[in-house]
Amino acid sequence: MRRLTRDELAGDSLDVARQLLGTVLRAGDVAVRLVEVEAYRGFDDPAAHSYRGRTPRNEVMFGPAGFLYVYFVYGMHFCANVVCATDGVASAVLLRAGEVVDGIDTARARRPHSRSDNELAKGPARLTAVLGIDRADNGIDLTDPAAPIGLFAGDPVPDEQIRTGPRVGVAVAMDVPWRFWVDGSKAVSGYRRGGKRRTAAAQR
DNA sequence: ATGAGGATCCTCT
DNA sequence: GAGGATCCTCATA
């Protein structure tokens, strides 16, 4: 298997998101085929962590493409992104779900509550749990052959199998279809709208 | 120094 | 479908 190059991961997050479907993320003996991702783009996307400028947490998003951006949410979960824009413009793709294609025993051991193998990496925090990704992995260069985590080329997903829709769990910019998934995969997570900031119009 | 609010998951009903 | 777990991050003061 071949690692993706920085050139392949650099560009508009919408394009990179599509291209990431079908690729394989490996950490140690566990590998996951990505089937669901979301694009977050820099300064003009109110749902992106980078929207309000550079902070210690989102610093990796402002660096070069091909790096892993890991953040902590809800007091107990980690989510992983691939940085995809070049210096100065912060954009990233959230890795939302995948199918475990290697290291199934380790994956099951890390997700004891999973009722089926389809659920092992069905959701962004489940995906990081299966791969053993946490805060310590923030800022890893996925394109470095020596890096402990890598992103590898897989069988390309045909366009007609790619579906799009609004992003999960965000309460702003709900009109843009920046979530991409592989139609028919049982590892794709369900849609859920964001919980806060509901306007009076949206409630009725 | 403080407080509000999460790019979620799990366990009920 | 609702609620709790749990603590970091950032904005305000």
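Letters go in sequence order (proteins before strands), and every chain restarts at 1.
- Thr23(A) places a side-chain N or O within donor-acceptor distance of the main-chain N or O of Leu20(A), the cut-off being under 3.5 Å.
- Remark: Arg135(A) fails to qualify as a cation-pi partner of Phe78(A) under the 6.0 Å distance and 45° angle criteria applied to the six-membered ring.
- Between Asp117(A) and Arg108(A) a salt bridge is recorded (basic side-chain N to carboxylate O distance below 4.0 Å).
- Note: Asn58(A) CG to Tyr51(A) OH = 14.0 Å, rounded to the nearest 0.5 Å.
- Taking atom CZ of Arg193(A) as the reference point, atom C1' of dA2(C) lies 16 Å away to the nearest angstrom.
- Between the side chain of Asp144(A) and the main chain of Asp141(A), no donor-acceptor pair closer than 3.5 Å is present.
- Distance from the side chain of His113(A) is smallest for dC10(B) among the nucleotides dA5(C), dT8(B), dC10(B).
- The base of dA7(B) lies close enough to the side chain of Tyr71(A) for a donor and an acceptor atom to sit less than 3.5 Å apart.
- The CG atom of Asn81(A) sits 11 Å away from the P atom of dT8(B) (whole-angstrom rounding).
- In this structure a side-chain-to-backbone donor-acceptor pair under 3.5 Å is present from Glu38(A) to Val168(A).
- In this structure, CZ of Phe78(A) is placed 11 Å from P of dC7(C), rounded to the nearest angstrom.
- Using a 4.0 Å cut-off between charged side-chain N and carboxylate O, Arg167(A) and Asp45(A) make a salt bridge.
- In DNA chain C, the stems built from three or more successive Watson-Crick or G-U pairs (distances below 3.5 Å) are B:1-6 with C:7-12, B:8-12 with C:1-5.
- Across the protein-nucleic acid pair, Leu127(A) atom CG and dT8(B) atom C1' stand 13 Å apart, rounded to whole Å.
- One atom, CD1 of Ile133(A), and another, C1' of dT8(B), lie 16 Å apart when rounded to the nearest Å.
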Exercise for review: Classify every nucleotide of nucleotides 8-13 of chain C by which part a protein heavy atom approaches to under 4.0 Å, writing B for the base, S for the sugar-phosphate alone and - for neither, in 5'-to-3' order.
Suggested key: SSS---

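- In this structure, Glu36(A) places its CD atom 16 Å from P of dA7(B), rounding to the nearest Å.
- Counting only heavy atoms from C-beta on, Arg111(A) has its side chain closest to dC10(B) among dA7(B), dC10(B), dC9(B).
- Remark: C1' of dG6(B) and OH of Tyr40(A) are 12 Å apart, rounded to the nearest angstrom.
- The side chain of Tyr74(A) sits closest to dG6(B) out of dT6(C), dG6(B), dC9(B).
- One finds no salt bridge joining Arg54(A) and Glu59(A) here, because no Lys/Arg side-chain nitrogen approaches an Asp/Glu carboxylate oxygen to under 4.0 Å.
- Distance Arg192(A) CZ to dG6(B) P: 12 Å, rounded to the nearest Å.
- Note on Ala47(A): a base of the nucleic acid sits closer than 4.0 angstrom, heavy atoms only.
- Residues Val170(A) and Arg126(A) each lie close to DNA chain B; by heavy-atom proximity, the contact nearer the 5' end of the strand is made by Val170(A).
- Of the charged side-chain nitrogens involved, none lies within less than 4.0 Å of a carboxylate oxygen, so that Arg163(A) and Glu36(A) do not count as a salt-bridged pair.
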